[in-house]
Number of protein chains: 2
Amino acid sequence: MVRSLCDTNPCMTHTTCEVSLPCCADGGSLSSVKAPQVSGVRVQLEMHALWQQFDQLGTEMIVTKAGRRMFPTFQVQISGMDPTAEYVLLMDFISVDNTRYRYAFHSSSWLVAGRADVVAPSRMHFHPDSPAHGAQWMKQTVSFDTLKLTNNLLDDNGHMILNSMHRYQPRFHVVYVDPAPSSSHLNAHRNFCSFSFPETRFMAVTAYQNHRITQLKIACNPYAKGFRTTDPQDR
Amino acid sequence: MVRSLCDTNPCMTHTTCEVSLPCCADGGSLSSVKAPQVSGVRVQLEMHALWQQFDQLGTEMIVTKAGRRMFPTFQVQISGMDPTAEYVLLMDFISVDNTRYRYAFHSSSWLVAGRADVVAPSRMHFHPDSPAHGAQWMKQTVSFDTLKLTNNLLDDNGHMILNSMHRYQPRFHVVYVDPAPSSSHLNAHRNFCSFSFPETRFMAVTAYQNHRITQLKIACNPYAKGFRTTDPQDR
DNA sequence: TACTTGACACCTAGGTGGAAAGGT
DNA sequence: ACCTTTCCACCTAGGTGTCAAGTA
């Protein structure tokens, strides 16, 4: 099931929508003329049911100084690429709002705690297999399992820097590597398309707040098997 | 210290020598005209002292059905590449002679046991980072630590297929990826150079024969630490 | 009070040679 | 007799949440 379209209409529904790269954002009129290598690209989120299960509780992702993996892992199945063209795949994380949150244990809900802190340096995470041909990307699931989240503003390990107690939306970008170097700058806005899956939004935290999130992580993440007690809800 | 030269003279000394790719072997007159992207490439074997220590005892490498890593690992430091040119790095293993061996425990030596068995299918192992630019290859040691050896003639995991009780010489190849596709076939012999380090020769075995090799492996390979007794020769 | 850090036990994943069994 | 295969305990390497302590 294709869950994302590579068009430029700001999408307000709760399914999927396309967003522009910050550096290339325009009114939408220019970016609607996409290069044929990206215009047909379709992206499907893997482990969709698991993401939804977390999203319904309010997904939290741990950030640490050393860097922490995401769970669930962001994985996609891609189709519609030019098999012979070369692509770079990358991710970034954008702030969902300008808000700092706090968790109210008594009501088990997130409350606004003020304006967002100073914005962390925005980074791009290139998929380590980049660049590769369309055929390579499409033949199996593309996984960002090595991506790590950190709250260390001075991180020099290339991890994604996020502010704890802030909400983020992961974004996925497909960039066509134009073999003509002269045109690649002029047509940069034509050579990529971006995808956001609202069910992958999450709150960055240094320790889990919602106990039901903790339990779901323990139940589903194989590395947390040591904390399982009853109800072996494996895989 | 540069230990290998990219020339075409068959080298009979015990230091280093260049060998041609089997498919491109010629009299030597043609291949002496190398493309500038490979003519200056120099390769230095890492862990040279360790390799020599094993070589003096007669290096053995385990082969298994599932595939076994090499120890020591084949690692090289490269210089002299064109930083902006693209290269593919690969390895293969050639039979040192046409002989099958057996080990005489009483004399602790290898004896000829007849003609070589039917030759195993020859494979190339591409370094997983291939292709990459010269600058990338040169900036740090290139390691073939994921390469595995197998004695399974029907292996479909891409491992290197070797015959047990036969002797092999690892070879390392640097291939310049010519951006002009039409010329890459015509000039294939100009676009690569190869390196052999005699101290990396070894006997393929399914179980270690020389006990001193076993002890040296246990002493130096961190994964074999469980078998260490006295003399903590830890790295 | 509210959040962050670091040490820790407990996992997954997979690389070692040993030892016994299997094969020819 | 000689070689190969399989299972195993013991490692390395690193991903989990917990808990106590630290910070402001």
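A note on names: the letters A, B, ... follow the listed sequences, proteins ahead of strands, and every chain is numbered from 1.
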Could you list all the side chain to side chain donor-acceptor pair (under 3.5 Å) pairs where at least one residue sits in residues 105-117 of chain B, not counting sequence neighbours?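 Residue pairs passing side chain to side chain donor-acceptor pair (under 3.5 Å), neighbours aside: B:R100-B:D117, B:S107-B:S109.
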Side chain to side chain contact (heavy atoms under 4.5 Å, CB included) involving A:A135 - partner list, sequence neighbours excluded: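 If we apply the side chain to side chain contact (heavy atoms under 4.5 Å, CB included) test to A:A135, skipping adjacent residues, the hits are A:P83.
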Using the side chain to side chain contact (heavy atoms under 4.5 Å, CB included) criterion, which residues pair with B:V118? Sequence neighbours excluded.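 Expected list: none.
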Pairwise N/O distances under 3.5 Å, protein to nucleotides 10-12 of chain D:
residue: D:dT12; atom: OP1; partner: B:K225; partner atom: NZ; Å: 3.0

Proximity of A:Y101 and A:Y103 rings by center, below 6.0 Å: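 Between A:Y101 and A:Y103, the centre distance exceeds or equals 6.0 Å.
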Between B:H133 and B:Y87 (judged by ring centroids, cut-off 6.0 Å), do the two rings come close enough to count as a pair?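 No; B:Y87 has its ring centre 6.0 Å or more from that of B:H133.
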Sugar-phosphate means primed atoms, P, OP1 and OP2; the rest is base. With that split, encode nucleotides 2-7 of chain D 5' to 3' as B, S or - using protein heavy atoms under 4.0 Å. -SBBS-
Run the side chain to side chain donor-acceptor pair (under 3.5 Å) test against A:Q169 and tell me which residues pass, sequence neighbours left out.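 A:Q169: side chain to side chain donor-acceptor pair (under 3.5 Å) contacts with A:T200.
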What residues, two or more places apart in sequence or in another chain, satisfy side chain to side chain donor-acceptor pair (under 3.5 Å) together with B:R123?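 Here the qualifying residues are B:D155.
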After noting the C-alpha distance and the side-chain angles of B:H125 and B:D92, does the key distance pass the side chain to side chain donor-acceptor pair (under 3.5 Å) rule? CA-CA 6 Å; B:H125 175 88; B:D92 66 356; over 6 Å; no
Between atom [atom1] in [X] and atom [atom2] in [N], what is the gap in whole Å?
X      : N      : atom1 : atom2 : result
A:L162 : C:dC3  : CG    : P     : 17 Å
B:E60  : C:dG18 : CD    : P     : 11 Å
B:K217 : C:dG18 : NZ    : P     : 12 Å
A:L154 : C:dT5  : CG    : P     : 12 Å

Got a sec, which pairs hit salt bridge (Lys or Arg N to Asp or Glu O under 4.0 Å) with one end in residues 159-170 of chain B, sequence neighbours left out?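 Output for this query is empty, none listed.
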How would you list all residue pairs meeting salt bridge (Lys or Arg N to Asp or Glu O under 4.0 Å) that involve residues 64-79 of chain A, not counting sequence neighbours?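 Residue pairs with at least one partner in residues 64-79 of chain A: there are none.
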State whether the distance check finds a donor on one side and an acceptor on the other, under 3.5 Å, for side chain B:R68 versus base C:dG17.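 Flag set: donor-acceptor pair detected.
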Mind listing the N/O atom pairs, protein and nucleotides 21-24 of chain D, below 3.5 Å?
none

Does A:T141 use its side chain to pair, donor to acceptor, with the backbone of A:V76 at less than 3.5 Å?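 No.
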Would you confirm whether B:S95, through its side chain, and B:N98, through its main-chain N or O, come within 3.5 Å as a donor-acceptor pair?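 It does not hold such a pair.
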Within residues 199-225 of chain B or reaching into it, pairs that qualify as ring-ring contact (aromatic ring centres under 6.0 Å, His included) - sequence neighbours excluded: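 As it turns out, the ring-ring contact (aromatic ring centres under 6.0 Å, His included) pairs with a partner in residues 199-225 of chain B, which skip direct neighbours, are B:F93-B:F202.
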Between protein and nucleotides 19-24 of chain C, what N or O pairs are separated by less than 3.5 Å?
none

How would you label the contact of B:F71 with the nucleic acid (heavy atoms, under 4.0 Å): base, sugar-phosphate, or nothing?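 If one applies the 4.0 Å heavy-atom cut-off, B:F71 turns out to touch nothing in the nucleic acid.
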